[in-house]
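Reckoned from all heavy atoms, side chains included, excluding hydrogens, waters and symmetry mates.
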Amino acid sequence: LLLLWNDHSDIEPSLKGKRTPFASAISRDEGERWEHVRLLENEPDGWYCYTALEFVGDAALVGHCAGNPAVGRLNRTQVLRVPIDWFYGK
């Protein structure tokens with residue numbers, strides 16, 4: 001399983017409740033444990049949410065709303081092409 005979420009597990013208190021950082025993790029046991037937590041986006045003033053995911057060949061296309069105060073919160077639709085091996089820390 002692949003999880004994409006705003007990981008607040010080790011975040012500074014001023015960022016709690018915000019839509020940053022945007023992280024991924026892998027589970028090999030149906031969600032009992034999560035490993036290989038990786039950051040896709042980590043701008044402290046960024047907003048990352050409303051995620052879509054599609055696998056194409058050996059990559060994942062991760063679509064999401066993105067933005068920051070300079071561009072207007074969620075004014076961007078962003079698509080990242082991420083090699084599947086990257087999610088495993090390779």
Side-chain angles (χ1 to χ4, degrees):
L1 297 175
L2 173 63
L3 175 67
L4 303 170
W5 86 112
N6 298 118
D7 182 9
H8 290 180
S9 59
D10 292 319
I11 198 170
E12 63 183 70
S14 66
L15 297 177
K16 290 271 185 192
K18 294 191 177 183
R19 294 176 174 182
T20 189
F22 188 35
S24 68
I26 296 290
S27 176
R28 298 173 196 248
D29 58 8
E30 298 300 317
E32 292 292 322
R33 291 179 304 253
W34 295 94
E35 59 188 15
H36 303 293
V37 175
R38 312 279 317 262
L39 293 178
L40 291 158
E41 301 276 8
N42 194 28
E43 182 184 339
D45 289 328
W47 290 39
Y48 311 103
C49 56
Y50 306 116
T51 305
L53 177 66
E54 178 71 29
F55 292 98
V56 178
D58 62 350
L61 299 179
V62 179
H64 59 282
C65 287
N68 59 38
V71 300
R73 300 285 186 250
L74 297 176
N75 282 351
R76 294 184 177 164
T77 299
Q78 186 164 319
V79 178
L80 304 174
R81 184 185 181 280
V82 183
I84 292 172
D85 284 346
W86 182 88
F87 293 108
Y88 291 90
K90 297 179 182 179

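- The two atoms that bring Pro44 and Leu15 nearest to each other are O-CD2, 3.5 Å, heavy atoms only.
- Both Trp5 and Trp34 are members of a single hydrophobic cluster when ILVMFWY side chains are connected at heavy-atom separations under 4.5 Å.
- Connection of Leu2 to Val56 is not established within any shared hydrophobic cluster, with ILVMFWY side chains joined at heavy-atom distances below 4.5 Å, either directly or through further cluster members.
- Cluster membership check: Leu4 shares its hydrophobic cluster with Tyr88, using side-chain heavy-atom separations under 4.5 Å among Ile, Leu, Val, Met, Phe, Trp and Tyr.
- Annotation: side chain of Arg33 is not in contact with side chain of Arg28 (no heavy-atom distance under 4.5 Å).
- The CZ atom of Arg81 lies 6.0 Å from the CG atom of Asp58; values are rounded to the nearest 0.5 Å.
- His8 places no side-chain N or O within 3.5 Å of a backbone atom of Arg19 that could act as its donor or acceptor partner.
- Residue-environment remark: CG (Asp85) exceeds the threshold of 12 foreign heavy atoms within 6.0 Å.
- At a threshold of 4.5 Å between non-hydrogen side-chain atoms, the residues Leu53 and Leu61 do not count as touching.
- Counting only distance, with no hydrogens or angles, the side chain of Asn42 and the backbone of Leu39 share no donor-acceptor pair below 3.5 Å.
- Put simply, the side chain of Val62 does not reach to within 4.5 Å of the side chain of Gln78, judged on heavy atoms.
- Residue Ser27 comes nearest to Glu30 through the heavy atom pair OG-N, 3.7 Å, listed as atom of the first residue, atom of the second, then distance.
- Between the CZ atom of Phe22 and the NE2 atom of His64 there is a distance of 5.0 Å, given to the nearest 0.5 Å.
- A heavy-atom distance below 4.5 Å is not found between the side chains of Ser24 and Val37.
- The two atoms that bring Ile84 and Ala60 nearest to each other are CG1-N, 4.2 Å, heavy atoms only.
- Counting only heavy atoms from C-beta outward, the side chains of Trp86 and Arg38 approach each other to under 4.5 Å.
- Two residues are said to be in side-chain contact when any heavy atoms from C-beta on lie closer than 4.5 Å; Tyr48 and Thr20 meet this criterion.
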* **Test side chain to side chain contact (heavy atoms under 4.5 Å, CB included) applied to Glu43 and Asn68, step by step** => CA-CA 8 Å; Glu43 182 184 339; Asn68 59 38; 3.2 Å; yes
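- Here the shortest heavy-atom pairing between Arg76 and Val71 reads NH2-CG1, 2.8 Å.
- By the 4.5 Å heavy-atom criterion applied to side chains, Leu1 and Ile26 are not counted as neighbours.
- Within the 4.5 Å cutoff, the side chain of Leu74 has heavy atoms near those of the Tyr50 side chain.
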